[in-house]
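For reference, the structure discussed in these notes is given below.
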Amino acid sequence: KAGVTQTPRYLIKTRGQQVTLSCSPISGHRSVSWYQQTPGQGLQFLFEYFSETQRNKGNFPGRFSGRQFSNSRSEMNVSTLELGDSALYLCASSFRQDAYGGYTFGSGTRLTVV
Amino acid sequence: SQQGEEDPQALSIQEGENATMNCSYKTSINNLQWYRQNSGRGLVHLILIRSNEREKHSGRLRVTLDTSKKSSSLLITASRAADTASYFCATDAGGNYGGSQGNLIFGKGTKLSVKP
């Protein structure tokens, strides 16, 4: 059974550009969450989608957005990149709406903004 | 904002010893989860304990939860070099009808080093 797949694994962008990250959850998983991990702030929740609906959003500026498609694949977009957006972006999926089984994380996309 | 705070921040032990990590949190929770992360890679789910449970076991892992003290501990018995990783606790406040809304709140983690 394939795990959560995130593409690309590494990305280097210039300040001011925009970027789109992709996440393919485990087949059958309808909940997809996104997290940002930095050395200073740790792991922070970005947003969560369930059946194409954003159910919850973290405390991030509007430059961060996401969406989920009918096949549960999800994308997140960051516009007008800033140096502080350099981070490991992690996607997680879950089968159950209540997530009592925990979440399965992808290996992440490491974004470097120069 | 961080909800869970792990203690200690770093722990170094010899192979075969037990490792205990603690986590404190601030608000009511639906469940608490522990994850492992190797060298900046993805997180691996270890164990989930619900708010109405007090103790749970999984292989060499033992987790306790004290909701009155808003704290949890993770015990790894007979540790191995392969257990070297960062360990995070994450709380799930839950959504409507006890469900989750995907917004786990993570602590800063405990960096465990197991020396052969």
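The sequence lines fix the lettering, A, B, ..., with proteins before strands; numbering per chain opens at 1.
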If you count the non-hydrogen atoms of other residues, nucleotides and ligands that lie under 6.0 Å from [atom1] in [X], is the total more than 12?
| X | atom1 | answer |
| --- | --- | --- |
| B/Arg60 | CZ | yes |
| B/Arg54 | CZ | yes |
| A/Asn59 | CG | no |
| B/Lys111 | NZ | no |
| B/Gln9 | CD | no |

For B/Phe106 together with A/Tyr35, are the ring centres under 6.0 Å from each other?
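Yes, they do, as the ring centres are separated by less than 6.0 Å.
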Would you call [X] and [Y] a side-chain contact if the rule is heavy atoms closer than 4.5 Å?
| X | Y | result |
| --- | --- | --- |
| B/Gln37 | A/Leu88 | yes |
| A/Leu90 | B/Arg41 | no |
| B/Phe88 | A/Leu43 | yes |

Same apolar cluster: [X] and [Y], side chain cutoff 4.5 Å:
| X | Y | value |
| --- | --- | --- |
| B/Met21 | B/Leu61 | yes |
| A/Val32 | A/Ile26 | no |
| B/Ile47 | B/Leu32 | yes |
| B/Ile49 | B/Tyr25 | yes |
| B/Val114 | B/Trp34 | yes |

d(B/Leu104 CG, A/Gln44 CD) to nearest 0.5 Å is 13.5 Å
dist A/Leu46:CG -> B/Asn103:CG (nearest 0.5 Å) comes out at 11.5 Å
Among residues 105-114 of chain A, those lying within the under-4.5 Å heavy-atom range of chain B are A/Phe105, A/Gly106, A/Ser107, A/Arg110
task = Check whether any side-chain N or O of A/Tyr103 sits under 3.5 Å from a backbone N or O of B/Leu43 as a donor-acceptor pair, and report yes or no.
result =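 Side chain of A/Tyr103 to backbone of B/Leu43, a donor-acceptor pair under 3.5 Å: no, none is there.
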Whatever's closer than 4.5 Å to a heavy atom in chain B on A/Gln6 counts as neither
